[in-house]
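Working notes for the structure below.
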Amino acid sequence: MSTETQPQEKKSYKETLNLPQTDFAMKADLVTSEPARLQKWREMHLYKRLLLARSESPKGKWILHDGPPFANGDIHIGHLINKTLKDVILRFRTMQGYQTPYVPGWDCHGLPIEHKIQQELGPKLREMSTVEVRRKCHEYAAKYVKIQSEQFQRLGILGEWDDPYLTMEKGYEAGTLEVFAKFVENGLVYKQLKPVPWSVSNQTALADAELEYKDVEDPSVYVEFPAVDPVRLHEVFSGGMGKSELPVSFLVWTTTPWTLPANLAIAVHADVEYALVAYDERAVVLATDLVKQVFALRPDLRHDIIATVHGRDLLGLQYRHPFIDRVGRIVEAEYVTTTDGTGLVHTAPGHGEEDYNTGVREGLETYSPVLANGRFDDTAPEFVRGKTVWEANPLIAQNLKDQGALFAEVKIRHSYPHDWRSKKPIIFRATEQWFIAMDKPFSFEGEAETVSMRERAKRACSDHVDFVPDWGRARLLGMLESRPDWCVSRQRAWGLPIPVFYNDKDEPLLSKESVLAVSHRFREHGSDAWFTLSPQELLGHDFPYPPGFEPEKLRKEQDIFDVWFESGSSWHSVLQRRTYLQFPADLYLEGSDQHRGWFQLSLLPSIGFNGVAPFKAVLTHGFAVKPDGTKVSKSDKEYVTATQEIDRHGADVLRLWCCSVDYQHDLPVSPAMIKEFGDKCRKIRNTLRYLMSNLYDFNPQTDAAQVTASSLDGWASAALDKLIVEVTAAYEQYELHRVFRLLHEFCAVEISAIYGNAMKDRLYCEAPDSPLRRRSQTVMHRMLVAITKLLAPMLVYSADEAWEHIQHKPLEDARCESVHLTLLPQPSGEEVSEKQEAEWRLIMELRDQALLQLDKLKKEAGLNKALDAEVIFYVDDAELRRHLEAYGVDLADVVGAGFHSFAEKDTPGPAVEVKVLDRRETYAVCARSWKRRPDVGSDAEYPDLCLRDALAVKGLKK
RNA sequence: GGGCUCGUAGCUCAGUUGGUUAGAGCGCGUCCCUGAUAAGGACGAGGUCGUACGUUCGAAUCGUAUCGGGCCCA
């Protein structure tokens, strides 16, 4: 018969147990608790306290320089990813002992804000002065700086929020001009007519970063450019043998018919084979490979290839423009292909980057007869004069048709650049722009050799910068290799004016001294001074004017800087001007799009100013994508609204999600995925809570016990050491997803499923100060402190809350009011032998086997409680048996059994075999520990208890 | 079209210099416990490692091609 326990007795013994106690709530309620904790941090000046605490640190400073987000709109998932990664890494460095001042920044100037203000003002805009518009833009930017600042702080980002850097702030503006002055001094700044991407709707040049490529349908035309000397052309094709006067044309294809008035040349590839094709009493020249394809457009025409030559044979031949009285010639270009078109490329140096380069080489004019508003000027043929380029497209096609020069017209779908703000297609237009030369050699004072910006930047990138991931280096190098000269001018109002003055002959006054003079003025008054002060006031009364420049007759430049020049100079205005920071930064951390953006455009100014990179290391992360791996847009169901998700789940949940994904690649995310991380937070929180609740009566200073290797405590302690080492290494390598995985798994498996579970019996049932219980508490206390600290950089709120509930913190942490003020945990230093590891592995294997048997007994015999079972270990080897016996009650507890025993092994096989037996019919159950044991009833005073529990209860009575 | 890059269970990740039946956690399913309880435990089902060739005695791991993503550029 099984021995049933009376319900009443159960109750009475419950009072004698050491059941868990804690005020640390199981339910986190992050949504309300986080803002309260944030407020607490503000009141205690956590950020400043941290800087102070590390001010004498032998580790010194570690600087992460913040890339400034644009001050526009609420923060989105991309901001969240970026700022969270920065914050986690900074907090890790702080806990390593570094002092980590972090100054967040914002990019405040630029088209997007100006565009917004234009929309808000509408027609009123025309009545307002530039300064008034700029004031509106300033207000707008300031408003969003404040909004985003609040949102970042809510996310738990720690930093100098009461004094961030703003690119529109006057000291910052002055700093940007200081950087520019150096470029002027080094002779790298020049002004030139050059085709640039031009936004017709905004009447401004655009940066590459301001272009968006979209698929659109455009008219494409195949145009015949008649050869000036057909006889000679026939000779070229016949090798001088044949003579013919059949009219010949060069067949050219373009998707931008409106650029044809600016055509000055036709480019061919020297190695490509070109054919002379006769049709309909005339002939055309085009690439042999494309004859079939092109004539397929005109199935009505019978055609014959007469002869072929190579492109180089055509060089120098002349053609007549079909509707302008002008002669052009055939030139060579590398970029000519035979994948589409005709293999002869219409070249208008005023309307394209490649065309421009060809034009410069061939000595052609940079001609573009298009005005800023997108309409043709007076130099254009009469039939398009005053028309917009888009209106001109059909007119030109019609004109060609009338001339008999239109071979074919085909609608084509292709990718074409658009203005990122107005979403309208852009044009390339030659305008006067300011440039920074990439290939002009220069030297700094004391430098023997002269080296170009491009070369210097590449050297810095190759030899002095670490990249995470390391392919970032190749990517940045590739961009430095191919980038054109930097066009730094924009025709806008909301930005930093380019400090150039012109005399009445339009000659520029631009020198290191003139720029620095204006910089001083800006440091005092801000860049609005450019619009409110006269040139004399800007330059100062003692400015030494060069000959030919009379102060009263000076005119101010109207262009402003490319915003990238401003944000790219932040290392100067921030790192070099704020003396508590350091240059160069230890780390720049941004999305991988910034290889082209901020990384490159910070590297270049720093190279020009300092000769070195502004960063020692560059870390990039990927982009948020939908769970299927494709791009997200706001209209998608999977779109994650960062602020909304924080309000719904709490910042810690978002932060944990962010840290769980390998950010080197794309980060798949959806609201459903975020939600799952609530579960993971809870698991971690409950694990901490469990540890904590069993330490309510434990003080490590007085109660700590020696941890022996031959015990689960020894195993757990070693596992914790390993965890500390691995997590620290993962943080060090910025592999945050590994940190998360290690910690989460440790909580779920090592603690929750194995160790914590096994310790329950002794924690609850042993006498409070029994050595076995104290030993376990010793390990659990160390575990709790260490894990809370390791979690702190990620789960900033939850870890800090847990920290508050830990009693009797280690001495070195005693004065740390917040977990964020502490240093990382260190491993115990206990050496673990290979043999010991093997022994623990054996025990875990035996545990697995026992659990399987237990499960079988449960299914087959209805044995639902492991406490009703006995585990028998069959061992022959005396030494091994002695080793295992040292684990004592651990051997039963590790599988949750009531009792364990050893027996002689009578069969061959593994050194140890384990067997689980159902003891419901054999032993009585202890009414207090619920374990079935042979020693239940041994104590006459407590016949319903096992020996250990009887003693424990007696102990309590004393 | 070009540069860089990614593609292992529903999800997030491990898989050392190519070597036995590809692992973990979560999620899911089934069950148990009710002294971590809006907690905890056990067991289980899930993958032809994007696809196709190739190198090799042997490939998730090397090579080529291809498909599908992402970032940047044209």
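Since this is a predicted model, take the numbers as computed values, not measurements. All chains are named by letter (A, B, ...) in the order of the sequence lines, taking the proteins before the strands, and each is independently numbered beginning at 1.
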N or O in side chain of His665(A) less than 4.0 angstrom from C71(B) OP1/OP2: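 Result: no.
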Distance below 4.0 Å between Tyr690(A) side-chain N/O and U37(B) OP1 or OP2: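 Looking at the OP1 and OP2 atoms of U37(B), neither is under 4.0 Å from any side-chain N or O of Tyr690(A).
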Identified pairing partner of [N], criterion: Watson-Crick or G-U wobble below 3.5 Å:
N: G25(B); answer: C11(B)
N: A45(B); answer: none
N: G68(B); answer: C6(B)
N: U56(B); answer: none
N: U16(B); answer: none

Tell me which nucleotide among [options] gets nearest to the side chain of [X].
X: Lys27(A); options: G70(B), A38(B), A14(B); value: A38(B)
X: Met479(A); options: C72(B), U12(B), A14(B); value: C72(B)
X: His744(A); options: G27(B), U34(B), G25(B); value: G25(B)
X: Arg475(A); options: A14(B), C4(B), A38(B); value: C4(B)
X: Arg596(A); options: C72(B), A14(B), G70(B); value: C72(B)
X: Tyr764(A); options: G25(B), C11(B), A36(B); value: A36(B)
X: Thr630(A); options: G35(B), C72(B), G70(B); value: G70(B)

Pairwise 5' ranking along RNA chain B for Ser693(A) and Val661(A), keeping only the more 5' one: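 This one resolves to Val661(A).
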Residue mapping more 5' on RNA chain B - nearest nucleotide basis, Leu17(A) or Phe677(A): Phe677(A)
Donor on one side chain, acceptor on other, Asn82(A) and Glu590(A), under 3.5 Å: yes
Side chains of Lys680(A) and Leu656(A) in contact at under 4.5 Å (non-hydrogen atoms):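 Sidechains of Leu656(A) and Lys680(A): in contact.
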Tyr663(A) side chain reached by Leu667(A) side chain, heavy atoms, under 4.5 Å: yes
[atom1] atoms of [N] and [M], separation to the nearest Å:
N: G19(B); M: C26(B); atom1: P; value: 28 Å
N: U8(B); M: U61(B); atom1: C1'; value: 11 Å
N: C28(B); M: U21(B); atom1: C1'; value: 24 Å

Short side-chain to backbone donor-acceptor contact, [X] and [Y], under 3.5 Å:
X: Arg689(A); Y: Phe24(A); answer: yes
X: Asp355(A); Y: Ala348(A); answer: yes
X: Ser776(A); Y: Leu772(A); answer: no

Chi-based syn or anti call at G46(B), which uses purine or pyrimidine torsion atoms and a 90° bound: syn
Heavy atoms from other residues, nucleotides or ligands near CG of Asp23(A) exceed 12 (cutoff 6.0 Å): no
Which atom of Glu481(A) lies closest to which atom of Lys458(A), heavy atoms considered: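 The pair with the smallest heavy-atom distance is OE1-NZ, 2.6 Å.
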Footprint string (nucleotides 39-46 of chain B, 5' to 3'): B base within contact, S backbone only, - free, heavy atoms under 4.0 Å: SSBSS---
